[in-house]
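Here the structure comes first, spelled out in structure tokens, and everything after it is commentary.
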Amino acid sequence: MWRQLLRFGMVGLFSTFVHMVIGFLLIQSNWQPVMANLIAFTIAFLISFIGHLGFSFADQDVSLSNTLWKFALVALIGLAGNEMLLIVLLSVGDQTEIMSLWTSTGCIAFLTFALSKFWAFRGPAQPR
């Protein structure tokens, strides 16, 4: 499980990097920030899905279409959870804004790993 968590983190960091670079480049090219972010998120989501399917959870025997919609839901749950936790941390005011962002993102990463491992990328149940 630790190896999967490490791989999950590597794919997550890479897809986050891609998201930020694409978003930055589009915004610098005079795209509207919301549209730039949507395009960057979509590309990063696809990279993340492919990376988790082929690297993080490569040992799972899963249906591509079934796993894709489940992972999309996991990504949306992660995004919503991150936003909500960030709002709470910022309202408490015990941490800086950057530390609040790191804390919320780190906490939600464990949630998305668990949802991905035990639901989205879970293969069919093995007969006993």
For the atom pair [atom1] ([X]) and [atom2] ([Y]), what is the distance rounded to the nearest 0.5 Å?
| X | Y | atom1 | atom2 | result |
| --- | --- | --- | --- | --- |
| His19 | Ile39 | NE2 | CD1 | 10.5 Å |
| Ile27 | Asn37 | CD1 | CG | 7.0 Å |
| Gln95 | Trp102 | CD | CH2 | 13.0 Å |
| Ser56 | Ile50 | OG | CD1 | 12.5 Å |
| Leu68 | Leu53 | CG | CG | 9.5 Å |
| Leu26 | Leu38 | CG | CG | 10.5 Å |

### Task
Give the ring-plane orientation class for Phe45 versus Phe71, where under 30° counts as parallel, over 60° as perpendicular and anything between as tilted.
parallel
### Query
Any idea how His52 and Phe57 line up, ring-wise: parallel (<30°), tilted (30 to 60°), or perpendicular (>60°)?
tilted
### Query
Of Leu85, Ile87, Val92, which is the lone residue that meets side chain to side chain contact (heavy atoms under 4.5 Å, CB included) with Leu89?
Leu85
### Query
Only one of Val21, Ile22, Thr16 forms a side chain to side chain contact (heavy atoms under 4.5 Å, CB included) with Val18, so which one is it?
Ile22
Looking at [X], I'd like to know if its [atom1] atom is crowded, meaning that more than 12 non-hydrogen atoms belonging to other residues, nucleotides or ligands lie closer than 6.0 Å.
| X | atom1 | value |
| --- | --- | --- |
| Phe55 | CZ | yes |
| Asp59 | CG | yes |
| Phe41 | CZ | yes |

Sub-3.5 Å donor-acceptor pair from the side chain of [X] to the main-chain atoms of [Y], do we have one?
| X | Y | answer |
| --- | --- | --- |
| Trp119 | Ser116 | no |
| Ser104 | Leu101 | yes |
| Ser15 | Gly12 | yes |

ILVMFWY network linking [X] to [Y], side-chain heavy atoms under 4.5 angstrom:
| X | Y | answer |
| --- | --- | --- |
| Phe121 | Trp2 | yes |
| Met35 | Ile43 | yes |
| Ile98 | Leu90 | no |
| Leu5 | Phe14 | no |
| Leu86 | Val88 | no |

### Message
Do Trp31 and Leu25 make a side-chain contact, defined as non-hydrogen atoms from C-beta onward lying under 4.5 Å apart?
### Response
no
#### Entry: Phe8 and Lys117, any side-chain heavy atoms less than 4.5 Å apart
no
### Query
Which atom names give the shortest non-hydrogen contact between Gln60 and Arg122, and what distance separates them?
NE2-CA, 4.0 Å
### Message
Using the rule given for side chain to side chain contact (heavy atoms under 4.5 Å, CB included), can you reason through Leu115 versus Leu73, listing the C-alpha separation, both sets of side-chain angles and the distance that settles it, and then say yes or no?
### Response
CA-CA 10 Å; Leu115 288 172; Leu73 187 57; over 6 Å; no
